[in-house]
Structures are given as structure tokens and as C-alpha cells.
Amino acid sequence: SSSMLNEVIGFALDLVMVSVMAAYVSKRTFMRAYVNCIVVIALISLPCVAIANFNESFAFSLVSNSYDWTTPFGYSFYYTWGINGTINVRNSGVFWEPGAFVGFLIVGMLFLLYGKTQCKHAPAKMLVLVVTLLTTRSTTGYFLLVFMLLVMYRDFLFLFTKGKRNSAFGLLVGVVVVVASVLVVVSSGNIVDKMSGVSYLGDGYANESAETRFSDVVNSLQLSLQAGIMGLGDTLSRAAAESSLGITDNSVGLLHLVYTYGWLFALAYYYVFFSGLSKLFSGCSGKTLASIVVIMIVLFATEGLYWLPTYLAIAFLAFGNSEQEEELRSKEPAKGVCGAPL
């Protein structure tokens, strides 16, 4: 159909345009700009999610579009307020759901920890990202946050102390952030509830989330085996196959890529992506790099992120030469308009 053709063309444009961008933008420039952008989005989202929780009528008044059951998302240009006529008490930022927002927050946190971005006020920015992630109430987000705090706690403390062993205040702030985050996640019960098949919806509990995710994984595996080397494509055949297995709005992006575009493209994509990931974080230890790979696999397995430019950039930027060119330019003497040294 025309909409499916648009999706294929859109994905192809993403690949082309991000590769072009990677030829002109260095890794450090991109990381620094990305962190600043996601921090701004997070700062805007915090008062918005507070309004959603404490003043629902005011939240409805801030929705820009006509918001009813026929218009799924209620939004303004700076925040997604809810879905299907209900104000969401979980923080989605400008994205379609809290789980998607988590994916972008986690990437920002990794860039701050290991991207050598030389961001100003890095500890404050990390604090904003952690607090924002907690407001998403995302089980995946909570799981990954605890995982990061346990595996990467030395790097978190290093960030808050700015590498100074005698920075008592920074160390105290870092410890408080780590301990408080773990306590909030554990006390929320989100992870335990999700594992037991119970998810909090705001007005009660429903035994749906874990079952749906498990079913999507199993059925996606089945489709992946059937798809073959070329995949089912963005076609009515794929839609019919998904429908026959009860798959709707499949969030398992890791396998959605496989059965849509086939094993050949999927293997090429993941080879490029994880090769780029290893180059992007080349200064990390083997243990840290393995942890980052695990984080990315979990994100891809819970959201359809593979076609989004941010994640494509992770691969393409790592293969560009703009980083070396930027370093060479910084060593060259300043030149005038005609090329003569100033």
C-alpha cells in the first residue's frame, strides 16, 4: 500500500541522510549536541509530568490538537500528554511512549559517561537525566538504570567528583544519586510486578504487559524463521502474518527488523551497528563495552528503534573521518580569506 511504500522510502532516506551528516559532523560534536538537546527535552518534560500528575484539567488545556478517541495522541510541540483521551501520568517527553523516551535518555547518559564530550556541567546534566528516567516509570528503564548503576558505579562517581579523589561533595552527591535511584526503583515495585505479569496502569493492575511482551518475542522468532533471506517486507503479507499470530504494534524491534527486511539486511545492519558502537566507545574497557552492548540489545528488544536517526548515527559516525579532520584543523595555524597565515 502507499503507506507501506512511504515507510520503506522513509527508512532509506534515514540511512542516506544520516550517512551524509556523518561525513560532516564529528563524533564529539554530535555527542555534545545530543546531550544538550536531550537535557533540554528532559528539563521541559519534568514540569509537564508534574502537571499531568497533579492538575489533570490544566494538562488537558495544554493539549494542542483535538484530543479524543479518534485522535490517539494528545500533544503539544514540546510534550506528549497522553493517548486515547487519557492524560498519561508517566513521562513520555516528546516521544510516543515512556519506553521510547527511556531509550534516548539512556543514550545521553552513556555519552556523558564515556563519550569524552567535555560537556559543561556534566554532573548536573546527568542528575537531570536520571531524575527524568525515574519519572517515566518504565520497567525497562528502571532495569537498565539499576544495571548501569551497579556495573558502572565507578564511572558515575568519577563523573560527579570530576576525577578528583578529594572531592568530598562530589563523592557525596554521586553516592546519593546511586543509592537514591536504586531505592526508588526497588520501592516502586515496577520490575517485580512486570516479571510477575502485573503492570500498573494508573487506576489498577492488569496481567497483560509481561504476557504481551513474551508473546511478541515468541511470535517474532517464528516469523523471523519464516521470513527467509529477503524478509516479508513492508507489505500486506507481513501485516497478515502478524495478524494471524496476534501481533499488534510489535515493540520487539530486534526481530521486527529481521522478519521485515530479511536475514541478509539484518546481519549487515547489526554488524555495522555494533562495529560502530565499539568504535564510538573505543576507549572503554572490555567489561564496559560488553555492558553497553547488553544495554543496546535490551533497548532494541523492547522498542522499534532501529530506523531512528539517533541510532543510525551511532553506527555511521563511528566510521566517519570528520573526527580526525577536526583534530588536524585544530592544530593548523589560523588562515585568512586567501589562505595566508594570520
Side-chain angles (χ1 to χ4, degrees), residues 1-35 37-38 41 94-97 99-108 110-111 115 220 223-224 227-239 242 249-282 292-293 295-326:
S1 67
S2 60
S3 64
M4 292 173 175
L5 180 60
N6 285 343
E7 282 194 34
V8 176
I9 294 172
F11 188 24
L13 283 174
D14 285 339
L15 290 167
V16 172
M17 297 308 295
V18 175
S19 66
V20 170
M21 182 201 75
Y24 292 93
V25 180
S26 72
K27 293 182 289 185
R28 292 184 182 180
T29 299
F30 174 79
M31 287 174 153
R32 186 165 55 248
Y34 178 89
V35 168
C37 286
I38 198 66
I41 291 172
V94 293
F95 304 96
W96 63 94
E97 70 170 12
F101 193 13
V102 162
F104 289 86
L105 293 169
I106 291 289
V107 169
L110 290 175
F111 284 175
S220 294
L223 280 181
S224 297
I229 192 170
M230 298 303 292
L232 301 172
D234 262 314
T235 60
L236 293 174
S237 298
R238 190 203 71 188
E242 289 176 323
D249 297 324
N250 191 1
S251 61
V252 188
L254 194 69
L255 296 174
H256 184 275
L257 171 65
V258 175
Y259 70 73
T260 300
Y261 296 104
W263 283 97
L264 183 64
F265 181 80
L267 289 174
Y269 179 98
Y270 288 127
Y271 173 77
V272 171
F273 180 84
F274 288 108
S275 295
L277 195 70
S278 65
K279 292 183 180 181
L280 203 62
F281 297 101
S282 57
I292 294 173
V293 169
I295 289 169
M296 288 298 174
I297 289 175
V298 172
L299 289 176
F300 272 66
T302 54
E303 291 288 341
L305 302 172
Y306 64 83
W307 58 273
L308 297 175
T310 291
Y311 293 87
L312 296 176
I314 289 174
F316 283 116
L317 283 166
F319 289 98
N321 295 318
S322 50
E323 189 78 24
Q324 292 89 335
E325 291 171 1
E326 185 179 81

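Treat the numbers as computed from the prediction; the structure is a model and nothing was measured.
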For the atom pair CD1 (I292) and CD1 (I297), what is the distance rounded to the nearest 0.5 Å?
12.5 Å
Just how far is it from atom CZ of F30 to atom CD1 of I314, taken to the nearest 0.5 Å?
7.0 Å
Member of I106, L305, L277 meeting the side chain to side chain contact (heavy atoms under 4.5 Å, CB included) criterion with M296:
L277
Does any N or O in the side chain of T29 come within less than 3.5 Å of the main-chain N or O of V25, such that one atom is a donor and the other an acceptor?
no
Could you go step by step and tell me if Y269 and Y261 meet the ring pair (Phe, Tyr, Trp, His ring centres under 6.0 Å) rule?
CA-CA 10 Å; Y269 179 98; Y261 296 104; 9.3 Å; no
Side chain proximity check, S237 to L232, heavy atoms < 4.5 angstrom
no
Which distance, rounded to the nearest 0.5 Å, do you find between the OG of S275 and the OH of Y270?
14.0 Å
Could you check if a side-chain atom of Y271 sits within less than 4.5 angstrom of a side-chain atom of L267, using non-hydrogen atoms only?
no
Nearest-0.5 Å distance that lies between atom CZ in F265 and atom CE in M230
10.5 Å
Working to the nearest 0.5 angstrom, can you tell me the gap between L317 CG and K279 NZ?
12.5 Å
Any side-chain heavy atom of I38 within less than 4.5 Å of one from F101?
yes
Is the closest side-chain heavy-atom distance between F281 and V293 below 4.5 Å?
no
Check: M31 and L280 side chains under 4.5 Å, non-hydrogen atoms
yes
Result for ring-ring contact (aromatic ring centres under 6.0 Å, His included) between Y311 and one of Y34, Y306, F104 points to F104
Side chain of W307, backbone of L257: donor and acceptor closer than 3.5 Å?
no
